[in-house]
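Just so you know, these numbers use all the heavy atoms, side chains as well, and skip hydrogens, waters and symmetry mates.
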Amino acid sequence: MKQARAEKGANVSKKNRNRREERGEDGAIRAYFERLLAKYDFRNEQQFSLFFRWLIFILLIVVQSLLLLQHFEIFFSIKAWWQAFPLQINVATFTLFEFAKLFVVKNKRVSTLFYVLSALSACGFLFLASGRYALIIYVLVLTEVYMTSKRGKSLLWIYVLCVPLYALIYTARITYNGVRIDLWQLLQDSIGAFVLLTAHFVIVQVAFAFYRQFLRLDKTLKELNESKKELEKAYEAAREVSALEERQRIAKEIHDTAGHSLTTVIMQTESAKLIVEENPEEAKNKIIAANLQARHALEELRDSVHLLSGRTVQNSLKDELLSIVHESTDGTDIKIRSDVDDMSVNQALHRFLCNTLKEGISNGLRHGGATAFWFECKREEDKITFVLSDNGKGAGDNGVHKGFGLTTMEERVRALGGEVAFSSEEDEGFEIRIQLPMATEE
């Protein structure tokens, strides 16, 4: 019993070992062909052409060998030796012509000559041998011609001529062998050859058309990938430049507005400290102006920090302007009457109008000693009109002096495509009038 089980187990192990060996052989063959095909990149037309030439040449050798085996009897027949000798010569010359044409000759004219010689040898097979192998050689040579020629008219003429040529050679072979020509059989063979050669022509043309389309698509895809990489690099560079410009702009804005406002606060408080005993009312006004200036500077710093953190404006323009008005009047003796339209503008214009209102109120208090203001921000069709006037002492005989604040304001108005005008007379207050184009997008 134990011996039978042992023998059965040994047989099973032997079968499994044989299966593994067979799988190993199959795997080795598969790996060999994978390595062979991996040498050729079919997306490269030259490598594909080289692979195809080798494939055609190997198939021609195999078919010629089968053809010789089919006519093996006549090689040992004394009566038919004269039929075998020309066939052997044709095989040798055809193989030589094909090898030279496919792998040696590079000159176009010489290559054309070898194409002609190879075609004649292929016709020789139809004349010297019978059976399907001669026709297969004829078809393989046509495949090679179709592959190398890219002119549609030339291919069409080759196809049109190959069928009657086949019928002519077939007729000549029958006549040469002394067999009576059967027209019905000739017609059947010609129709069969026509169907075969037509199907071969269509299949080869469609296959190569798909392959060339594949190459064009692959080339386009590579160009798109390269363009995408270049665009990504350009976008990254533009983003870095944009970020650097934005940082520089914010830094300049902080320096020009908040820095200037804080300097003014220091000057106002120092001036108030010097005159607080002699002129308490004037000192009080200076402290109020300094307080407003400090609030505005704080708001400007907050806005700049919001920009750096990527946050955008939350309040509407009207709410923001009225908030500035209320901050300036709460807890002070300053009076500001306002008329503001509700409108939607882009962030740059929003910030400019708010900063201009702060700057105008601060200048009126600091330089003009104003106690009351009139402010309006109205929309007129595609224009925005900004007006801020005060009841301060105004400009002297020398007219309006454009200091740092007014000069910066004028530059920003021009950058936004608008116009600005400053008007003032002695004891008649000061007025800022700005007209800007309506802008709802950055």
Side-chain angles (χ1 to χ4, degrees), residues 29-69 87-126 128-129 132-159 161-162 165-166 196-219 222:
I29 295 172
R30 190 183 301 110
Y32 170 76
F33 280 105
E34 288 177 355
R35 288 194 302 270
L36 180 65
L37 293 175
K39 294 180 181 179
Y40 301 97
D41 182 7
F42 291 160
R43 291 175 296 183
N44 186 314
E45 192 170 3
Q46 293 181 346
Q47 292 191 22
F48 174 76
S49 177
L50 179 61
F51 170 81
F52 195 82
R53 290 198 299 269
W54 273 111
L55 180 63
I56 289 289
F57 185 73
I58 292 171
L59 289 175
L60 287 172
I61 294 296
V62 171
V63 175
Q64 287 182 99
S65 301
L66 294 174
L67 181 66
L68 291 175
L69 288 174
L87 183 59
Q88 291 175 330
I89 294 296
N90 195 67
V91 168
T93 55
F94 178 75
T95 305
L96 179 64
F97 292 154
E98 281 294 315
F99 185 81
K101 178 184 64 175
L102 293 173
F103 306 109
V104 179
V105 177
K106 302 297 182 182
N107 184 275
K108 189 173 182 180
R109 292 184 178 179
V110 179
S111 179
T112 303
L113 174 62
F114 275 94
Y115 267 108
V116 174
L117 295 174
S118 180
L120 292 175
S121 296
C123 294
F125 281 113
L126 294 176
L128 296 171
R132 70 187 69 172
Y133 295 120
L135 183 59
I136 292 174
I137 293 174
Y138 188 71
V139 168
L140 287 174
V141 173
L142 281 177
T143 304
E144 184 188 339
V145 174
Y146 293 156
M147 182 192 74
T148 55
S149 179
K150 296 180 180 180
R151 295 180 179 179
K153 291 183 178 180
S154 301
L155 293 175
L156 190 60
W157 276 111
I158 292 171
Y159 159 71
L161 293 174
C162 67
L165 181 63
Y166 172 80
L196 174 65
L197 294 174
T198 302
H200 169 259
F201 176 79
V202 172
I203 292 171
V204 171
Q205 293 307 308
V206 170
F208 282 112
F210 272 109
Y211 176 70
R212 293 187 181 108
Q213 183 67 19
F214 164 75
L215 291 181
R216 284 193 290 270
L217 291 175
D218 184 69
K219 182 181 178 182
K222 289 180 180 178

Participant: Decide yes or no on side chain to side chain contact (heavy atoms under 4.5 Å, CB included) for Leu215 and Lys219, but give the supporting numbers first.
Facilitator: CA-CA 6 Å; Leu215 291 181; Lys219 182 181 178 182; over 6 Å; no

Participant: Strictly by salt bridge (charged side-chain N to carboxylate O under 4.0 Å, His left out), give each pair with a member in residues 92-101 just once, sequence neighbours left out.
Facilitator: Glu98-Lys101, Lys101-Glu144

Participant: Tell me every residue that passes side-chain contact (heavy atoms from CB on, under 4.5 Å) with Leu113, counting only those two or more places apart in sequence or in another chain.
Facilitator: Leu117

Participant: Rounded to the nearest 0.5 Å, how far does CZ of Phe97 lie from CG of Asn90?
Facilitator: 9.0 Å

Participant: Quick test of your reading: applying salt bridge (charged side-chain N to carboxylate O under 4.0 Å, His left out), list the pairs with at least one residue in residues 56-66, sequence neighbours left out, ordered by first then second residue.
Facilitator: none

Participant: Taking only residues two or more places apart in sequence or in another chain, which ones pass side-chain contact (heavy atoms from CB on, under 4.5 Å) with Thr95?
Facilitator: Phe57, Ile61, Gln64, Val91

Participant: Report the distance from atom CG of Leu102 to atom CG of Leu55, rounding to the nearest 0.5 Å.
Facilitator: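 So the gap between those two atoms works out to 11.0 Å.
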
